[in-house]
Amino acid sequence: MAWLDTLFAQYQGVSASLIVLELVAVIFGMASVVLVGKGRLAAFPVGIVSTAGFVWLLWVYGLYGDMLINAYYTVLSIYGWTQWSQQQAQQSAFSVSPFTRKDAKICAGLSLFSLLFVGAVYWFKPYLQNGFSFSGVELGWAQFVWTDYTDIFTTALFLVAMWLMAERKIEHWLVWIVADAVSVPLYYHKGLLFSALQYFVFTLIALRGYRQWKTYLHNQAATPSA
């Protein structure tokens, strides 16, 4: 079929092992988001398989900026795993934590950190993609393209969403929805078709997850002693 040939034209010349790795990372990523929606601790180790897979995949593709970003997603997943483990050790049932002014300040700080960190990664992207050599490389804003700015924006959103998720704030779903929706055309443009499809499904799962956590909040309000 012509439309299938068009879709998969991006994978011409790509080894089967890399395609399989991307599929595995995508499947584990989707499973992780579904498990988060259900408040399951297993969401974090499953998610780490996905982000670690993308670290290797993006290293092979030479997308070092994205690779570093997935590396710190992996670190944040370990942090979230620890936070949820402590909460579940103290309470018998999963509970949603209220969003506070302190959380808003932390989110602002994380956003600023992410913008500076990822901006620096893209600033040095020509150096990274030149095999860590400055020979013949030009740095600066002139080297940025629209996907770089979009990636810097979505990465800040993802960082905030992952921290809010680790802290069991329902608001993390709203941030995921925006970031996932923006990532669909972004990853398709980068030539990662399965990843683009993953973010489309992520958007749908995030909408469902938000409704699930709204139910949890309603149940918590109905049983304040739980």
Side-chain angles (χ1 to χ4, degrees), residues 6-11 14 18 22-23 25-26 29-30 32-33 36 47 50-77 104 106-130 137-165 171-207 209-210:
T6 301
L7 279 176
F8 288 97
Q10 301 174 76
Y11 289 97
V14 178
L18 289 181
E22 186 184 351
L23 272 173
V26 166
M30 289 180 183
S32 174
V33 179
V36 170
S50 174
T51 55
F54 273 112
V55 167
W56 174 252
L57 185 69
L58 292 165
W59 169 264
V60 173
Y61 273 103
L63 299 172
Y64 301 119
D66 293 310
M67 182 202 71
L68 289 173
I69 291 161
N70 274 273
Y72 82 56
Y73 288 165
T74 304
V75 173
L76 271 176
S77 294
I106 293 175
C107 287
L110 288 172
S111 299
L112 180 60
F113 164 76
S114 180
L115 291 172
L116 294 175
F117 174 73
V118 182
V121 169
Y122 276 103
W123 183 276
F124 288 102
K125 185 179 177 182
Y127 161 76
L128 296 171
Q129 293 185 328
N130 196 41
V137 164
E138 292 186 11
L139 305 179
W141 298 114
Q143 309 306 315
F144 281 49
V145 295
W146 71 268
T147 54
D148 298 339
Y149 292 112
T150 307
D151 212 12
I152 292 170
F153 170 69
T154 55
T155 302
L157 292 179
F158 285 137
L159 178 63
V160 169
M162 292 196 74
W163 182 80
L164 289 171
M165 183 178 74
E171 289 76 11
H172 86 269
W173 289 113
L174 300 176
V175 184
W176 280 123
I177 290 166
V178 174
D180 288 339
V182 173
S183 295
V184 175
L186 177 64
Y187 274 79
Y188 179 77
H189 180 80
K190 287 182 176 182
L192 295 167
L193 174 63
F194 292 127
S195 300
L197 291 173
Q198 171 190 242
Y199 282 108
F200 175 73
V201 176
F202 276 174
T203 306
L204 301 179
I205 296 175
L207 288 166
Y210 180 71

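Because the structure is a prediction, the values reported are computed rather than measured.
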State, to 0.1 Å, how close [X] and [Y] come at their nearest heavy-atom pair, and which atoms those are.
X      : Y      : value
Met30  : Gln198 : CE-CA, 3.5 Å
Ala52  : Thr74  : N-OG1, 3.9 Å
Ile152 : Gly119 : CD1-CA, 3.9 Å
Ser50  : Ala25  : OG-O, 2.7 Å
Val55  : Ala71  : CG2-N, 3.6 Å

Would you mind writing out the side-chain donor-acceptor pairs for residues 173-183 within the sub-3.5 Å range, not counting sequence neighbours?
from: Ser183; atom 1: OG; to: Ala179; atom 2: O; distance (Å): 2.8

Is there a side-chain contact between [X] and [Y] (heavy atoms, below 4.5 Å)?
X      : Y      : answer
Leu76  : Leu159 : yes
Thr150 : His189 : no
Val26  : Leu197 : no
Lys125 : Gln143 : no
Phe153 : Leu157 : yes

For [X], check side-chain contact (heavy atoms from CB on, under 4.5 Å) against everything at least two apart and list the hits.
X      : answer
Leu116 : Leu112
Val145 : Thr147, Asp148
Pro185 : none

task = Please step through side-chain contact (heavy atoms from CB on, under 4.5 Å) for the pair Leu186 and Asp151, ending with a clear verdict.
result = CA-CA 8 Å; Leu186 177 64; Asp151 212 12; 3.8 Å; yes
Partner set under ring pair (Phe, Tyr, Trp, His ring centres under 6.0 Å) for [X], not counting sequence neighbours:
X      : value
Tyr199 : Phe158, Tyr187, Phe202
Phe144 : Trp141, Tyr149
Tyr72  : Phe117

message = Test your reading of the model: is there a side-chain donor-acceptor pair from Ser77 to the backbone of Tyr73, 3.5 Å cut-off?
response =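 Yes, Ser77 side chain to Tyr73 backbone: donor-acceptor pair under 3.5 Å.
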For Thr203, all residues meeting side-chain hydrogen bond (donor to acceptor under 3.5 Å, both in side chains), sequence neighbours excluded =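 Checked Thr203 against side-chain hydrogen bond (donor to acceptor under 3.5 Å, both in side chains); zero matches.
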key: Approximate separation, where rounding is to 0.5 Å, of Ser32 OG and Met165 CE   =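 CE of Met165 is found 6.0 Å from OG of Ser32.
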